[in-house]
Amino acid sequence: PSAWRAAEGGDFVLTRILWLEGLEPGRNRGPGVDSNARFIYLHGTNQEQLLGQPASRGCIRLSNRDILNIDRILITACGTALHAGMVAKYIIEELARIPVDVDFASEFRYRNPIIRPNSLVLAISQSGETADTLAAVREARRKGAMVMGICNVVGSTIARECDGGVYVHAGPEIGVASTKAFTSQLTVLTLLALYFGRVRDLSRGIGAELVEAINALPDNVAAIINGRDRIKAVAGKYARTQHAFFVGRHLHYPVALEG
C-alpha cells in the first residue's frame with residue numbers, strides 16, 4: 001500500500017515503483033502499459049511511464065471495497081506456474097487472511113467449480129498461451145468471476161482475456177528450468193498478498209518489513225551466485241546421481257515439487 005494512494009472515486013493511483021531487478025529507470029525493456037491498458041510491468045519498467053496511471057487500468061482493477069469483500073481466491077495454472085500458485089496459497093492466507101484454493105487448470109473447468117460473486121480467480125502462465133489455463137480463464141469469466149492474470153509475455157491471449165493483471169517481465173526463458181519466471185511469479189504474488197493484506201488488516205510495521213525484505217532480494221541472489229565455486233562442487237558431487245528425492249514442508253513443499 002505504500003506504493004499506492006487513494007484517488008477520487010475509490011480508485012488507486014500508482015505513486016511509487018519497487019525496483020525488484022535493480023534496473024535504473026532509463027534501462028527499461030518495454031512500455032509500462034500494454035495496448036489493452038490492463039496490465040502493468042513490475043520489473044524493469046520506466047518509472048515515468050507508470051506514475052499517475054489509474055490502477056483500474058493497470059495492475060489490479062479492484063477498489064478497497066472489492067478487496068475487503070473477497071471471500072475466496074482460486075488460483076489456476078499448470079506446471080511451474082502451478083507450483084508458484086501453491087506457494088502463494090500459504091502467503092496470501094497468512095498475510096491477507098483470505099481462503100485460497102489451487103487447481104490444475106486442466107481440471108478446473110471439468111469439475112464445475114463453485115464460483116461465488118465475491119470470488120477472485122488468479123490465472124498464472126509464463127507464456128500467456130497455456131491452453132488449459134486459457135480454458136480455465138474463459139470458464140471463470142463465463143461464471144461471472146473477476147479474473148486476474150500473471151503473465152510474462154506481453155500481449156498474450158491470457159493477458160488480453162483477463163480483466164486485469166501483472167506482467168512479470170522476466171524476459172524469455174531459454175532452458176527447460178523456468179527459474180526466472182518462477183521467481184518473478186513468486187515476487188508478484190507476494191506483492192499482491194502484501195497489498196491485499198494491508199487493505200484488510202495487516203499492520204503497517206509487518207508490511208514495511210516485507211517490503212524491505214523484497215527490496216533486498218537482488219543483493220541476496222547476487223550473494224548466492226557469488227558462491228559459484230561451492231555450488232559447482234556440490235553439482236559435481238551429484239552430477240551422476242540417477243535419482244533424487246526432494247522433500248519440503250510448508251512453503252518449501254511446492255518448491256520441492258518444482259525441484
Side-chain angles (χ1 to χ4, degrees), residues 20-22 42-43 73-96 98-108 110-111 121-133 136 149-153 158 166 168-194 197 209-210 213-259:
L20 299 179
E21 284 189 324
L42 284 189
H43 298 290
I73 293 175
L74 296 91
I75 297 176
T76 184
C78 297
T80 291
L82 180 74
H83 297 150
M86 292 171 69
V87 175
K89 170 181 171 67
Y90 292 100
I91 299 172
I92 294 171
E93 290 185 342
E94 177 68 24
L95 298 182
I98 301 173
V100 179
D101 292 327
V102 183
D103 269 322
F104 276 107
S106 58
E107 296 298 318
F108 183 82
Y110 294 107
R111 70 177 182 83
V121 175
L122 296 179
I124 311 171
S125 171
Q126 187 280 133
S127 66
E129 303 292 344
T130 310
D132 288 324
T133 306
I150 297 175
C151 298
N152 188 30
V153 178
I158 290 174
V166 185
V168 301
H169 201 47
E173 285 287 13
I174 305 302
V176 174
S178 185
T179 51
K180 291 189 300 182
F182 183 65
T183 53
S184 296
Q185 288 163 358
L186 289 181
T187 302
V188 168
L189 289 162
T190 301
L191 287 170
L192 284 177
L194 173 58
E209 290 178 5
L210 288 169
I214 291 170
N215 279 325
L217 282 174
D219 291 337
N220 292 336
V221 171
I224 293 173
I225 293 175
N226 288 336
R228 59 175 61 88
D229 290 339
R230 186 173 65 175
I231 296 172
K232 184 177 179 180
V234 173
K237 180 178 179 180
Y238 296 105
R240 293 180 174 79
T241 301
Q242 296 299 311
H243 305 283
F245 186 57
F246 293 87
V247 296
R249 176 171 288 177
H250 198 249
L251 291 171
H252 301 295
Y253 169 61
V255 178
L257 294 178
E258 179 63 15

- Message: Once rounded to the nearest 0.5 Å, what's the spacing between atom CD1 of Ile158 and atom CD1 of Ile124?
- Response: 10.5 Å
- Nearest heavy atoms of Ala193 and Ala96, plus distance in Å: O-CB, 4.1 Å
- Shortest non-hydrogen separation from Gly85 to Ile75 and the atoms involved: O-CD1, 3.6 Å
- Query: With a 4.5 Å heavy-atom cut-off, do Leu217 and Thr183 have their side chains touching?
  - Reply: no
- Message: Using the rule side chain to side chain contact (heavy atoms under 4.5 Å, CB included), only one of Gln126, His83, Lys180 pairs with Gln185; which is it?
- Response: Gln126
- Query: Is Leu191 close to Val166 at the side-chain level, that is, under 4.5 Å between some pair of heavy atoms?
  - Reply: no
- Decide if the gap between the ring center of Tyr90 and the ring center of His250 is smaller than 6.0 angstrom. yes
- If every non-hydrogen atom of Thr130 is compared with every non-hydrogen atom of Cys78, which pair is closest and at what distance? CG2-SG, 4.1 Å
- Query: Are the side chain of Asn152 and the backbone N or O of Ala170 linked by a donor-acceptor pair below 3.5 Å?
  - Reply: yes
- Which heavy atom in Thr133 sits nearest to a heavy atom in Ala123, and how many Å separate them? CG2-CB, 4.0 Å
- Message: To the closest 0.5 Å, what do you measure between CD (Glu93) and CD1 (Ile98)?
- Response: 9.5 Å
- Closest heavy-atom pair and its distance - Ser127, Val153: O-CB, 3.2 Å
- Note on the structure: Which of Val100, Val102, Leu251 passes side chain to side chain contact (heavy atoms under 4.5 Å, CB included) with Met86? Answer is Val102
- Item | Enclosure of Glu94 CD (heavy-atom neighbours >12, cutoff 6.0 Å) | no
- Query: Do the side chains of Ile231 and Ile224 get nearer than 4.5 Å, heavy atoms only?
  - Reply: yes
- Can you measure from CG (Leu194) to CD (Glu209) and round to the nearest 0.5 angstrom? 11.5 Å
- Message: Can you tell me how far apart CD (Glu107) and CG (Asp132) are? Round to the nearest 0.5 Å.
- Response: 8.5 Å
- Note on the structure: When every non-hydrogen atom of Thr76 is compared with those of Phe104, the smallest separation belongs to OG1-C, 4.2 Å
- Task: Start with the C-alpha gap between Val168 and Ile150, add the side-chain angles, then the distance that decides, and say whether side chain to side chain contact (heavy atoms under 4.5 Å, CB included) holds.
- Result: CA-CA 7 Å; Val168 301; Ile150 297 175; 3.7 Å; yes
- Message: As an exercise, state the distance from OG1 of Thr190 to CG of Leu95, rounded to the nearest 0.5 Å.
- Response: 8.0 Å
- Task: Test Leu189 against every option in Leu122, Ile91, Val87 by the side chain to side chain contact (heavy atoms under 4.5 Å, CB included) rule and name the one that passes.
- Result: Leu122
- Query: What do you reckon, is CZ of Arg249 surrounded by more than 12 foreign heavy atoms closer than 6.0 Å?
  - Reply: no
